Asks: 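Sharing a structure with you now.
It should be emphasised that the depicted structure is a prediction, and the values quoted were computed from it without experimental measurement. If you read the sequence from its start, that first residue is 1, and numbering goes on from there.
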Amino acid sequence: MTEEITPLRRRLIMWLVTGALFMEILDGTILTTALPSMAQTFRTTAVALDIGISAYLLALGVLIPASSWLADRFGSRRVFVTAIAIFTLASALCGQAQSVPEFVALRVFQGVGGAMMTPVGRLVVMRHTPRDQLIATLSALIWPALFAPVVGPPVGGFITEHLGWRWIFYFNVPLGIVALAAALWLIPDVRGERRRFDWTGFALTAVGVFALQIGFEHSARRIDALGLGLVAAGLAVLAVTMAHLRRSANPLLDLAALRTPSFRAAVSGGTLTRMAIGAVPFLLPLMMQAGFGFGAVHAGLFVVALFAGDITMKAMVERILRRFGHRPVLIVNGVLCAASLVSLAAIGPHSPAPLVAVLLYINGLGRSLQFSTLSTLAFADVDSAAMGDANGLFNTILQLGAAAGVTAAAMSVHAGEALAGTLGLAGAGADYRFAFIAMAVLSLGGLISALRLPHEAGRALTAG
């Protein structure tokens, strides 16, 4: 049962949730450039402090699947407000941390808030948005996922250099207080069908996601039996989890949405596509700095061109989808995205800067359109009663896909060290340029699901 809300209130809720999503994703990436300074404070090494980033992301991955059940059981307003309060309090405490164990524990606590905050917020938005406005709404919710990973490291570096790393967390506090007040005022108190909590499903999901994310992170640094074993174990446990969820009378997540072709395509082939085009903000600064020898500011200016393409496309997504439909856009734009990734493999340290900026701008246009098309397609044909479980499943897969994308990109760089020369990619940054080609191939693999889509897929959103 949903509460009637005015268009203005719905728009304010969307802005609130978008801001919360930005904070949650930003906190997963912003610490990267602050680790050396934090290591001096805690008298340890930057590598040892990577666990602070991992702990936060692991808490998100493990707890996101339970977010829909919590919203149904306790009400969307109560859960969302509690999540913001936890996130804000944990941010203040992280800024006061005096040791590595204390910091890691507080990052887990912060991840608990993030895991409930954004999935529940997205669910509120989707449940209260008319279908004819869902494309514009979900497209607006995509920009934090595109923007936050790009700006996180440079913003973290700027704050650390001029104010100290603790201010990375302190800045969350006033924003959190404002968001808390807004949530109490705006978020409707909606509850779904009450059901028993699936402890078996939760335990299996937690173990599978934990093993998979740790395996991905380990494999991104070095490929060995431990990392591959963890990935294999995680996949095996998640396979058992899927079997349990299918036969359980009260599953943690109802998998009924997977029977909808559009949702299935968005989370299967769509995940491969997101992994590939989502790896660009990870690969690009590394290629510019480690491969070409550019400074951080120089590399950062090129990233701005990528984001400019992302933002430009936002104004055009709805018109493009209404004019051509989801399936044609996914196929044609998917090929263009792959071509754009290959073009990035052709640049070098002496390539004209305007040409590189144009190529990155085009890449930003394509990846923004593809992300938005996949996200709107996922929920286009899902029944409103199944929206909660579909949202929880989609967010869990998003979290794992982001980790898998970075791992695939890093493994491609390692492979490029051995193979780039034989493929004619010798020279500065050859290993990274090989990785861009590998990501292009991966993105094409994601088009198989799009080709199998029925022509009317997503028509419920684009008709009229």
Side-chain angles (χ1 to χ4, degrees), residues 1-27 59-60 63-92 109-131 133-134 136-145 148 172-195 197 253 375 378-379 382 384-396 398-399:
M1 178 179 180
T2 60
E3 171 187 334
E4 289 294 326
I5 59 176
T6 64
L8 174 59
R9 184 180 174 191
R10 184 166 56 243
R11 194 176 303 114
L12 291 173
I13 290 172
M14 186 191 71
W15 290 345
L16 172 62
V17 172
T18 301
L21 177 60
F22 180 75
M23 286 175 62
E24 183 251 293
I25 298 176
L26 188 70
D27 267 62
L60 290 179
L63 294 173
I64 281 174
S67 61
S68 296
W69 183 90
L70 289 168
D72 286 341
R73 174 65 178 81
F74 298 104
S76 52
R77 178 191 295 156
R78 182 180 298 178
V79 174
F80 191 69
V81 167
T82 301
I84 293 176
I86 290 174
F87 189 88
T88 304
L89 175 61
S91 295
F109 186 42
Q110 190 181 33
V112 171
M116 294 187 294
M117 187 166 63
T118 53
V120 173
R122 281 175 59 98
L123 182 58
V124 169
V125 170
M126 289 189 296
R127 280 180 170 169
H128 291 85
T129 300
R131 286 215 174 245
Q133 299 176 31
L134 203 56
T137 298
L138 289 179
S139 295
L141 290 175
I142 290 297
W143 79 262
N172 284 339
V173 176
L175 295 175
I177 292 172
V178 171
L180 188 63
L184 287 168
W185 172 45
L186 292 170
I187 299 298
D189 190 20
V190 179
R191 304 186 184 209
E193 180 184 354
R194 294 188 64 169
R195 52 183 175 172
F197 189 71
L253 291 172
S375 294
F379 301 100
V382 174
S384 57
M387 197 70 80
D389 288 303
N391 179 64
L393 183 60
F394 186 74
N395 278 281
T396 302
L398 272 183
Q399 184 69 25

Asks: From Phe80 CZ over to Met116 CE, what is the distance, rounded to the nearest 0.5 angstrom?
Replies: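 If I round to the nearest 0.5 Å, the distance is 11.0 Å.
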Asks: Would you name the heavy atoms of Phe109 and Ala90 that are closest together and state the gap between them?
Replies: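 Taking Phe109 first and Ala90 second, the nearest heavy atoms are CD2-CB, 3.5 Å.
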Asks: Please report the closest heavy-atom contact between Val79 and Leu70, naming both atoms and the distance.
Replies: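 Shortest heavy-atom contact: CG2-O, 3.4 Å.
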Asks: Could you state the interatomic distance from CG (Leu184) to CD1 (Ile84), rounded to the nearest 0.5 Å?
Replies: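 Spacing of CG (Leu184) from CD1 (Ile84) equals 8.0 Å.
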Asks: What's the shortest heavy-atom distance between Ala115 and Ala59, and which atoms?
Replies: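 Distance-wise, the nearest heavy atoms are CB-O, 4.0 Å.
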Asks: Between CD of Gln110 and CD1 of Ile86, what distance do you get to the nearest 0.5 Å?
Replies: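 One gets 11.5 Å once the value is rounded to the nearest 0.5 Å.
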Asks: About how many Å separate CD1 of Ile13 and CG of Leu8, when rounded to the nearest 0.5 Å?
Replies: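 Between atom CG of Leu8 and atom CD1 of Ile13 there are 10.0 Å.
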Asks: Short question: side chain of Arg9, backbone of Leu186 - any donor-acceptor pair under 3.5 Å?
Replies: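 Yes.
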Asks: Can you confirm whether Thr82 sits close enough to Phe74 that some side-chain heavy atom of one is under 4.5 Å from a side-chain heavy atom of the other?
Replies: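 Sidechains of Phe74 and Thr82: no contact.
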Asks: Which pair of heavy atoms, one from Gly113 and one from Ala83, lies closest together, and at what distance?
Replies: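 Taking every non-hydrogen atom into account, O-CB, 3.4 Å.
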Asks: Do Thr396 side-chain atoms and Ile64 backbone N/O form a donor-acceptor pair below 3.5 Å?
Replies: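 No: the side chain of Thr396 does not pair with the backbone of Ile64.
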Asks: At their closest point, which heavy atom of Val81 faces which heavy atom of Ala183, and how far apart are they?
Replies: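 Smallest interatomic distance, heavy atoms only, reads CG2-CB, 3.8 Å.
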Asks: Step by step, would you call Leu16 with Ile187 a side-chain contact (heavy atoms from CB on, under 4.5 Å)?
Replies: CA-CA 9 Å; Leu16 172 62; Ile187 299 298; 4.1 Å; yes
